[in-house]
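Keep in mind that what you see is a predicted model, and the values were worked out from it rather than measured. Whatever order the structure lists ligands and atoms in, that order sets their numbers, starting from 1.
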Amino acid sequence: MNYLSLTKEELTNYLAQERRNYDAIVAESNKVDIARGKPCNEQLDIAMPMLDMAEQLKAMPKSYRNYGMLEGIPEMRGLFAEILGVKPDNVIVGGSSSLNLMYDTIQRNLQFGVCGGKPWNSSPIKFICPVPGYDRHFGILQHFGIEMISVNMTEQGPNMDLVEKLVESDESIKGIWCVPKYSNPTGITYSDEVVTRLANMKTKASDFRIFWDNAYCVHELTDTPDVLKNIMQACIEAGNEDRVYEFTSTSKITFAGAGVACIAASANNVKDILSHLTYQTISYNKVSQYMHYLYLKSVDNIAEIMKKQMQVIKPKFDTVIGALEENFGADNGVCTWTNPKGGYFITLDTYPGCASRVGELCKKAGLTITPAGAPFPYGVDDDDKTLRIAPTFTSDSDLAVAVKILVCCIKVAVLEKLLEL
Ligand SMILES: Cc1ncc(COP(=O)(O)O)c(C=O)c1O
């Protein structure tokens, strides 16, 4: 059914029916949550054998029990290097959070500059934020008072015509956030052309950096993974070797918040980072790094682990997408959604002006969703239409309830809007 072709009378009748449906749902006193991209218990269970490796762990090199090796243990440097397609020397293995490494990198650059350059905070700076994007990236910038410039995402990645124009002319633009594979929240993977253009573009700021958050590098939802062009290699070929910091972690491979994270960068950048990091910590947790190495073993083994995770979470994505298809169909005129091949999110675009109302209705009906506006800088979606759905954490039965509520709330909000109520 195309909502836009309904008469006023049809819309009014339909709204009355959906409001009755909504009141019945509210009376059920549900309490469900699809707000954050967290793994569910069944996914975390998959990593539990890692905790049975005590005997093997005891045989770790003696030096791993002690301070030292700021850059991380060679085994994990090697494994991350293989995952990201870089050399082990380009990898620093950190603590349990890649977001922490991103935060530290921005703070370090603000205070000390990049590779001996002027501190970023010696004058006001800006960052490019592809939208919709990851709310915590934007939160870091807001926390430091860094101005955010929104650039729209396309099916191929950020709108590169606009990105190139901005960075070429404005020296105060020091960076861009990118979630290049199975992007949070749109699920798209950057095309080769976008990666090449990011590596080659002229930047007015010589200390411009790409923050390449490859959080979902192995997080497949199909047997035919997207292939992301290697940004480090592209930067080397473009003569801009120092342009990129790449991040990833095992948060959604092993345990969220208790995994191992890394930053990968050129030799100059690695040297620069370590020269500051040495004041920050003596070394990260090498026992955890080794335990992860024992469990993860190899890129092929990680792919096997991620297949098991896919079996757990793919049906959850199917539940949400199936319900949207069933209730709205392709040619509904008022909402569209993504069907990602990997990652953790579905992006649902409602009719303009409806997203906050959907959130409000969901809240009253006992469903917590990511606040409307969250995937945008300063929490403001000018069109008030984009919602981020995170289906992984909730149990299958709760997810069915969540989707029933969500569908009803979208219908009520859209019908109200079309009737200008
Ligand atoms: C794009 C992106 N980057 C980073 C993170 C957090 O990663 P970590 O647990 O390594 O800090 C998330 C978590 O949802 C994410 O979606």
Practice item. Write out the residue and atom name of the closest protein heavy atom to atom 8 (P) of ligand 1, then the distance separating them to 0.1 Å. Key: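 Atom 8 (P) of ligand 1 sits closest to the protein heavy atom S98 OG, 3.4 Å.
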Check your understanding: Nearest protein heavy atom to atom 16 (O) of ligand 1, by residue and atom, and its distance?
Key ->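 Nearest protein contact, heavy atoms only, for atom 16 (O) of ligand 1 is Y216 OH, 2.6 Å.
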Practice item. State which residues pass side chain to side chain donor-acceptor pair (under 3.5 Å) with N269; sequence neighbours excluded, sorted by chain then number. Key: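 Expected list: R209, S266.
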Atoms of ligand 1, numbered as shown, that sit under 4.0 Å from any heavy atom of [X]:
{"X": "S97", "answer": "10 (O), 11 (O)"}
{"X": "A215", "answer": "1 (C), 2 (C), 3 (N)"}
{"X": "K252", "answer": "13 (C), 14 (O)"}

Point to revise | F393 side, atom CZ; I313 side, atom CD1 - distance, nearest 0.5 Å | key: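 That separation rounds to 13.5 Å.
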Review point. Is the distance between the ring centroids of F138 and F127 under 6.0 Å?
Key: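 No; F127 has its ring centre 6.0 Å or more from that of F138.
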Review point. With a 6.0 Å cut-off on ring centres, are Y190 and W212 close enough?
Key: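 Distance test on ring centres: under 6.0 Å, yes.
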**Study point:** Main-chain N/O of Q289 paired with Y284 side-chain donor or acceptor, under 3.5 Å
**Key:**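 No; zero donor-acceptor contacts below 3.5 Å.
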Check your understanding: Between S251 and ligand 1, is there a nitrogen or oxygen pair with a distance under 3.5 Å?
Key ->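 By distance alone, the answer is yes.
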Practice item. Could you tell me whether H137 and ligand 1 have an N or O pair separated by under 3.5 Å? Key: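 By distance alone, the answer is no.
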Practice item. State whether the number of non-hydrogen atoms from other residues, nucleotides or ligands found under 6.0 Å of F208 atom CZ is greater than 12. Key: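 More than 12 heavy atoms, drawn from other residues, nucleotides or ligands, come within 6.0 Å of this atom.
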Practice item. Could you tell me whether S249 approaches ligand 1 through its side chain, its backbone, both or neither, with non-hydrogen atoms closer than 4.0 Å? Key: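 Under 4.0 Å from ligand 1, S249 contributes side-chain atoms alone.
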Check your understanding: Which option, N100, D213, L99, V260, owns the non-hydrogen atom nearest atom 2 (C) of ligand 1?
Key ->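 Ranked by closest heavy atom to atom 2 (C) of ligand 1, first place is D213.
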Exercise for review: Run down the list Y103, Y134, Y344 and name the one with the heavy atom closest to atom 5 (C) of ligand 1.
Suggested key: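 The residue whose heavy atom sits nearest atom 5 (C) of ligand 1 is Y134.
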Check your understanding: Without hydrogens or angle criteria, can the side chains of Y216 and K252 be said to hold a donor-acceptor pair below 3.5 Å?
Key ->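 Distance-only check passes for Y216 and K252.
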